[in-house]
2 protein chains.
Amino acid sequence: MEIKPITACCEPLTDTALTAEAADELAAAFKVLADPARLRLFSLIASAGEGEACACDLVEPLGKSQPTVSHHLSVLTDAGLVTREKRGRWAWYRADASRLAVLRDALGSVVPLGER
Amino acid sequence: MEIKPITACCEPLTDTALTAEAADELAAAFKVLADPARLRLFSLIASAGEGEACACDLVEPLGKSQPTVSHHLSVLTDAGLVTREKRGRWAWYRADASRLAVLRDALGSVVPLGER
DNA sequence: TCAATACATCGACGAACATCGATGCCCGAA
DNA sequence: TTCGGGCATCGATGTTCGTCGATGTATTGA
(Lines give C-alpha, C1' and ligand atoms only; values in the text may rest on other atoms or scores of the structure.)
Protein backbone atom coordinates (compact mmCIF):
# COMPACT_ATOMS: atom_id res chain seq x y z
CA MET A 1 0.00 0.00 0.00
CA GLU A 2 3.05 2.24 0.38
CA ILE A 3 2.20 4.57 3.24
CA LYS A 4 4.27 7.55 4.28
CA PRO A 5 4.53 8.94 7.80
CA ILE A 6 2.22 11.85 8.49
CA THR A 7 4.18 15.09 8.57
CA ALA A 8 3.32 18.77 8.48
CA CYS A 9 2.95 19.64 4.83
CA CYS A 10 0.92 22.76 4.42
CA GLU A 11 -0.79 25.86 5.59
CA PRO A 12 -4.31 25.57 7.01
CA LEU A 13 -6.86 24.70 4.31
CA THR A 14 -8.76 27.92 4.73
CA ASP A 15 -5.75 30.20 4.35
CA THR A 16 -4.16 29.54 0.98
CA ALA A 17 -4.72 27.26 -1.99
CA LEU A 18 -2.92 23.94 -1.73
CA THR A 19 -0.30 22.92 -4.25
CA ALA A 20 -0.85 19.61 -6.01
CA GLU A 21 1.96 18.02 -4.02
CA ALA A 22 0.72 19.24 -0.65
CA ALA A 23 -2.78 18.06 -1.52
CA ASP A 24 -1.50 14.59 -2.37
CA GLU A 25 0.32 14.34 0.93
CA LEU A 26 -2.54 15.67 3.03
CA ALA A 27 -5.09 13.47 1.28
CA ALA A 28 -2.93 10.43 1.95
CA ALA A 29 -2.91 11.34 5.63
CA PHE A 30 -6.69 11.69 5.79
CA LYS A 31 -7.05 8.43 3.89
CA VAL A 32 -5.48 6.64 6.83
CA LEU A 33 -8.27 7.96 9.04
CA ALA A 34 -10.98 7.36 6.46
CA ASP A 35 -11.73 3.85 7.64
CA PRO A 36 -13.98 2.88 10.57
CA ALA A 37 -11.79 -0.04 11.61
CA ARG A 38 -8.68 2.12 11.83
CA LEU A 39 -10.48 4.86 13.76
CA ARG A 40 -11.74 2.31 16.27
CA LEU A 41 -8.32 0.71 16.58
CA PHE A 42 -6.66 4.07 17.20
CA SER A 43 -9.23 5.10 19.77
CA LEU A 44 -8.96 1.73 21.51
CA ILE A 45 -5.18 2.08 21.73
CA ALA A 46 -5.22 5.75 22.70
CA SER A 47 -7.75 5.25 25.47
CA ALA A 48 -6.27 2.02 26.82
CA GLY A 49 -5.02 1.89 30.38
CA GLU A 50 -1.21 1.94 30.76
CA GLY A 51 -1.13 3.93 27.53
CA GLU A 52 -0.65 0.82 25.46
CA ALA A 53 -2.73 -2.04 24.10
CA CYS A 54 -1.91 -5.64 23.15
CA ALA A 55 -2.88 -6.67 19.63
CA CYS A 56 -4.44 -9.75 21.15
CA ASP A 57 -7.01 -7.55 22.86
CA LEU A 58 -7.98 -5.67 19.69
CA VAL A 59 -9.29 -8.45 17.47
CA GLU A 60 -12.40 -9.36 19.42
CA PRO A 61 -13.81 -5.85 20.08
CA LEU A 62 -13.38 -4.96 16.42
CA GLY A 63 -15.31 -7.93 15.09
CA LYS A 64 -12.89 -8.43 12.20
CA SER A 65 -10.52 -11.25 11.38
CA GLN A 66 -7.01 -11.31 12.79
CA PRO A 67 -5.35 -10.67 9.38
CA THR A 68 -7.61 -7.68 8.83
CA VAL A 69 -6.78 -6.20 12.23
CA SER A 70 -3.08 -6.79 11.62
CA HIS A 71 -3.34 -5.06 8.26
CA HIS A 72 -4.96 -1.96 9.73
CA LEU A 73 -2.43 -1.83 12.55
CA SER A 74 0.32 -1.86 9.92
CA VAL A 75 -1.28 1.06 8.13
CA LEU A 76 -1.52 3.03 11.36
CA THR A 77 2.09 2.17 12.19
CA ASP A 78 3.41 3.19 8.78
CA ALA A 79 1.60 6.51 9.13
CA GLY A 80 3.22 7.02 12.52
CA LEU A 81 -0.10 7.25 14.32
CA VAL A 82 0.86 4.31 16.52
CA THR A 83 4.14 2.63 17.39
CA ARG A 84 4.68 -1.10 17.69
CA GLU A 85 6.79 -2.84 20.30
CA LYS A 86 7.16 -6.59 20.26
CA ARG A 87 7.56 -8.14 23.69
CA GLY A 88 7.79 -11.91 23.73
CA ARG A 89 4.93 -13.36 21.76
CA TRP A 90 2.87 -10.22 21.92
CA ALA A 91 2.81 -6.92 20.03
CA TRP A 92 2.04 -3.78 22.04
CA TYR A 93 0.83 -0.60 20.45
CA ARG A 94 1.00 3.01 21.63
CA ALA A 95 -0.78 6.03 20.13
CA ASP A 96 1.15 9.10 19.02
CA ALA A 97 -1.19 12.04 19.45
CA SER A 98 1.29 14.47 17.94
CA ARG A 99 0.54 13.09 14.48
CA LEU A 100 -3.10 13.99 14.98
CA ALA A 101 -2.03 17.52 15.86
CA VAL A 102 -0.49 17.88 12.41
CA LEU A 103 -3.85 17.16 10.84
CA ARG A 104 -5.65 19.42 13.29
CA ASP A 105 -3.43 22.28 12.23
CA ALA A 106 -4.17 21.59 8.57
CA LEU A 107 -7.87 21.90 9.25
CA GLY A 108 -7.41 25.55 10.08
CA SER A 109 -6.93 27.74 13.09
CA VAL A 110 -9.53 28.39 15.72
CA VAL A 111 -12.84 29.45 14.25
CA PRO A 112 -14.47 32.50 15.86
CA LEU A 113 -17.56 31.58 17.84
CA GLY A 114 -19.71 33.75 15.61
CA GLU A 115 -19.01 31.56 12.62
CA ARG A 116 -19.78 28.24 14.25
CA MET B 1 -22.40 7.94 -3.68
CA GLU B 2 -24.80 8.77 -0.85
CA ILE B 3 -23.01 11.32 1.29
CA LYS B 4 -24.27 12.61 4.62
CA PRO B 5 -23.59 16.06 6.03
CA ILE B 6 -20.72 16.21 8.47
CA THR B 7 -22.01 16.54 12.03
CA ALA B 8 -20.50 16.17 15.47
CA CYS B 9 -20.67 12.49 16.27
CA CYS B 10 -18.21 11.60 18.96
CA GLU B 11 -15.75 12.35 21.66
CA PRO B 12 -12.15 13.10 20.74
CA LEU B 13 -10.36 10.02 19.40
CA THR B 14 -7.85 9.95 22.21
CA ASP B 15 -10.41 10.06 25.01
CA THR B 16 -12.69 7.06 24.67
CA ALA B 17 -13.14 4.12 22.32
CA LEU B 18 -15.44 4.82 19.40
CA THR B 19 -18.63 2.86 18.89
CA ALA B 20 -19.04 1.14 15.54
CA GLU B 21 -21.67 3.67 14.51
CA ALA B 22 -19.62 6.72 15.46
CA ALA B 23 -16.62 5.26 13.66
CA ASP B 24 -18.65 4.78 10.48
CA GLU B 25 -19.83 8.37 10.58
CA LEU B 26 -16.44 9.86 11.35
CA ALA B 27 -14.71 7.74 8.72
CA ALA B 28 -17.23 8.90 6.13
CA ALA B 29 -16.40 12.50 7.02
CA PHE B 30 -12.67 11.95 6.67
CA LYS B 31 -13.27 10.12 3.40
CA VAL B 32 -14.56 13.37 1.93
CA LEU B 33 -11.21 15.00 2.70
CA ALA B 34 -9.19 11.97 1.61
CA ASP B 35 -8.87 13.10 -1.99
CA PRO B 36 -6.34 15.60 -3.37
CA ALA B 37 -8.79 17.12 -5.83
CA ARG B 38 -11.36 17.84 -3.11
CA LEU B 39 -8.76 19.31 -0.78
CA ARG B 40 -7.53 21.63 -3.50
CA LEU B 41 -11.07 22.64 -4.43
CA PHE B 42 -11.95 23.43 -0.84
CA SER B 43 -8.78 25.44 -0.29
CA LEU B 44 -9.34 27.32 -3.55
CA ILE B 45 -12.88 28.24 -2.50
CA ALA B 46 -11.98 29.05 1.09
CA SER B 47 -9.10 31.31 0.13
CA ALA B 48 -10.86 33.02 -2.76
CA GLY B 49 -11.41 36.75 -2.66
CA GLU B 50 -15.00 37.84 -1.93
CA GLY B 51 -15.35 34.60 0.06
CA GLU B 52 -16.76 32.77 -2.90
CA ALA B 53 -15.54 31.15 -6.09
CA CYS B 54 -17.16 30.49 -9.47
CA ALA B 55 -17.07 26.90 -10.68
CA CYS B 56 -15.85 28.21 -14.00
CA ASP B 57 -12.64 29.34 -12.29
CA LEU B 58 -11.97 25.99 -10.65
CA VAL B 59 -11.62 23.67 -13.62
CA GLU B 60 -8.42 25.04 -15.10
CA PRO B 61 -6.29 25.31 -11.92
CA LEU B 62 -7.24 21.76 -10.95
CA GLY B 63 -6.18 20.19 -14.22
CA LYS B 64 -9.14 17.81 -14.26
CA SER B 65 -12.09 17.55 -16.60
CA GLN B 66 -15.24 19.58 -16.02
CA PRO B 67 -17.36 16.51 -15.09
CA THR B 68 -14.74 15.47 -12.56
CA VAL B 69 -14.63 18.90 -10.95
CA SER B 70 -18.42 19.00 -10.84
CA HIS B 71 -18.48 15.60 -9.20
CA HIS B 72 -16.09 16.64 -6.44
CA LEU B 73 -17.98 19.86 -5.85
CA SER B 74 -21.13 17.79 -5.37
CA VAL B 75 -19.39 15.62 -2.79
CA LEU B 76 -18.18 18.68 -0.90
CA THR B 77 -21.66 20.19 -1.07
CA ASP B 78 -23.39 17.03 0.18
CA ALA B 79 -20.98 16.91 3.10
CA GLY B 80 -21.81 20.52 3.91
CA LEU B 81 -18.23 21.69 3.51
CA VAL B 82 -19.28 24.12 0.80
CA THR B 83 -22.59 25.65 -0.25
CA ARG B 84 -23.73 26.19 -3.80
CA GLU B 85 -25.61 29.21 -5.12
CA LYS B 86 -26.65 29.37 -8.76
CA ARG B 87 -26.68 32.85 -10.25
CA GLY B 88 -27.51 33.03 -13.91
CA ARG B 89 -25.39 30.59 -15.84
CA TRP B 90 -22.84 30.32 -13.09
CA ALA B 91 -22.54 28.36 -9.88
CA TRP B 92 -20.88 30.09 -6.93
CA TYR B 93 -19.42 28.17 -4.02
CA ARG B 94 -18.70 29.23 -0.45
CA ALA B 95 -16.70 27.32 2.18
CA ASP B 96 -18.22 26.48 5.56
CA ALA B 97 -15.33 26.34 8.01
CA SER B 98 -17.55 25.23 10.87
CA ARG B 99 -17.74 21.75 9.37
CA LEU B 100 -13.97 21.55 9.58
CA ALA B 101 -14.17 22.49 13.23
CA VAL B 102 -16.25 19.38 13.89
CA LEU B 103 -13.43 17.24 12.55
CA ARG B 104 -10.82 19.25 14.43
CA ASP B 105 -12.63 18.52 17.65
CA ALA B 106 -12.75 14.80 16.85
CA LEU B 107 -8.97 14.77 16.45
CA GLY B 108 -8.56 15.55 20.12
CA SER B 109 -7.98 18.51 22.35
CA VAL B 110 -4.86 20.60 22.47
CA VAL B 111 -1.72 18.55 22.84
CA PRO B 112 0.75 19.76 25.48
CA LEU B 113 3.89 21.20 23.92
CA GLY B 114 6.00 18.55 25.58
CA GLU B 115 4.35 15.82 23.55
CA ARG B 116 4.70 17.46 20.18
C1' DT C 1 -36.71 30.92 -31.99
C1' DC C 2 -32.00 29.61 -32.35
C1' DA C 3 -27.25 29.26 -30.98
C1' DA C 4 -23.89 29.30 -27.38
C1' DT C 5 -22.31 28.81 -22.73
C1' DA C 6 -22.11 26.85 -17.91
C1' DC C 7 -22.98 23.12 -15.34
C1' DA C 8 -24.99 18.64 -13.76
C1' DT C 9 -25.93 13.84 -14.79
C1' DC C 10 -25.19 9.35 -16.98
C1' DG C 11 -22.66 5.24 -18.21
C1' DA C 12 -18.51 2.85 -18.40
C1' DC C 13 -13.88 1.71 -17.33
C1' DG C 14 -9.81 0.98 -14.46
C1' DA C 15 -7.35 1.40 -10.21
C1' DA C 16 -7.26 1.28 -5.28
C1' DC C 17 -8.55 -1.01 -1.22
C1' DA C 18 -10.92 -3.72 2.59
C1' DT C 19 -11.47 -8.38 3.74
C1' DC C 20 -10.31 -13.16 4.83
C1' DG C 21 -8.44 -18.06 4.49
C1' DA C 22 -4.08 -20.13 4.21
C1' DT C 23 0.54 -19.96 5.37
C1' DG C 24 5.02 -18.61 7.34
C1' DC C 25 7.80 -16.81 11.14
C1' DC C 26 9.15 -16.13 15.79
C1' DC C 27 9.04 -16.88 20.64
C1' DG C 28 8.27 -19.35 24.98
C1' DA C 29 7.09 -23.58 27.43
C1' DA C 30 7.80 -28.37 28.17
C1' DT D 1 14.20 -30.09 20.11
C1' DT D 2 9.47 -30.14 19.64
C1' DC D 3 4.93 -28.16 20.19
C1' DG D 4 1.62 -24.43 20.43
C1' DG D 5 0.23 -19.76 20.34
C1' DG D 6 0.57 -14.82 18.62
C1' DC D 7 1.09 -12.19 14.74
C1' DA D 8 2.65 -10.72 10.05
C1' DT D 9 2.47 -11.81 5.15
C1' DC D 10 0.56 -13.73 0.91
C1' DG D 11 -2.92 -14.41 -2.65
C1' DA D 12 -7.45 -13.95 -4.16
C1' DT D 13 -11.90 -11.65 -4.36
C1' DG D 14 -15.52 -8.30 -4.33
C1' DT D 15 -16.53 -3.59 -3.78
C1' DT D 16 -15.78 1.27 -3.78
C1' DC D 17 -14.47 5.23 -6.14
C1' DG D 18 -11.96 8.60 -9.26
C1' DT D 19 -12.06 9.74 -13.97
C1' DC D 20 -13.88 11.23 -18.43
C1' DG D 21 -16.62 11.31 -22.91
C1' DA D 22 -21.26 11.86 -24.12
C1' DT D 23 -25.52 13.79 -23.10
C1' DG D 24 -29.12 16.51 -20.75
C1' DT D 25 -30.77 20.99 -18.65
C1' DA D 26 -30.95 25.84 -17.83
C1' DT D 27 -29.89 30.50 -18.93
C1' DT D 28 -28.33 34.29 -21.80
C1' DG D 29 -27.85 36.94 -25.99
C1' DA D 30 -28.91 37.71 -30.79
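Keep in mind the model is a prediction, meaning the values are calculated, not measured. Excluded from the calculations below are hydrogen atoms, water molecules and symmetry mates; all remaining heavy atoms, backbone and side chain alike, are included. Each chain gets a letter, A, B and so on, in the order the sequences are listed, and its residues count up from 1.
- In this structure, A:Arg87 reaches neither bases nor backbone, as no heavy-atom distance under 4.0 Å exists between it and the strands shown.
- In this structure, A:Trp92 places its CH2 atom 14 Å from P of D:dA8, rounding to the nearest Å.
- Annotation: the span from B:Leu18 atom CG to A:Leu44 atom CG amounts to 8.0 Å, rounded to 0.5 Å.
- Distances were taken from every side-chain heavy atom of A:Arg89 (C-beta onward) to each of D:dC7, D:dT28, D:dG5; the shortest belongs to D:dG5.
- Annotation: proximity of residues 64-74 of chain A to DNA chain C (heavy atom, distance under 4.0 Å) is found for A:Lys64, A:Ser65, A:Pro67, A:Thr68, A:His71, A:His72, numbered in ascending order.
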| query | Run the salt bridge (Lys or Arg N to Asp or Glu O under 4.0 Å) check on B:Glu52 and B:Arg87 step by step: do they pass? | reply | CA-CA 12 Å; B:Glu52 62 182 3; B:Arg87 291 206 296 269; 2.9 Å; yes
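- Taking atom CG of residue B:Asp78 and atom P of nucleotide D:dC17, one finds them 13 Å apart after rounding to whole Å.
- Residue A:His71 holds its NE2 atom at 9.5 Å from CG of A:Leu76, rounded to the nearest 0.5 Å.
- Residue-environment remark: CD (A:Glu50) stays at or below the threshold of 12 foreign heavy atoms within 6.0 Å.
- The distance from the OH atom of A:Tyr93 to the OG1 atom of A:Thr83 is 9.5 Å, given to the nearest 0.5 Å.
- With the nearest nucleotide of DNA chain C identified for both A:Lys86 and A:Val75, A:Val75 has the one nearer the 5' end.
- Per the geometry, CG belonging to B:Leu41 stands 12 Å off P belonging to D:dG18, to the nearest Å.
- A nucleotide of DNA chain C counts as in contact with chain A when one of its atoms lies under 4.0 Å from a heavy atom; the first and last such, 5' to 3', are C:dC17 to C:dG28.
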| query | Can you check side-chain contact (heavy atoms from CB on, under 4.5 Å) on A:Leu33 and A:Arg38, steps first, answer last? | reply | CA-CA 6 Å; A:Leu33 294 181; A:Arg38 285 195 287 271; over 6 Å; no
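- Under a hydrophobic clustering in which Ile, Leu, Val, Met, Phe, Trp and Tyr are joined whenever their side-chain heavy atoms come within less than 4.5 Å, directly or via other members, B:Leu81 and B:Trp92 fall into different clusters.
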| request: Report the C-alpha separation of B:Leu26 and B:Leu103 in whole Å, then their side-chain angles, then the decisive distance to 0.1 Å, and conclude whether the side-chain contact (heavy atoms from CB on, under 4.5 Å) test is met. | output: CA-CA 8 Å; B:Leu26 191 55; B:Leu103 296 182; 3.9 Å; yes
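- Remark: A:Ser74 engages A:Arg84 in a side chain to side chain contact (heavy atoms under 4.5 Å, CB included) (not counting sequence neighbours).
- Dashed line: the shortest gap from a side-chain N or O of A:Arg84 to OP1 or OP2 of D:dC7 is not under 4.0 Å.
- Between the C1' atom of D:dG6 and the CG atom of A:Asp57 lies a distance of 12 Å, rounded to the nearest Å.
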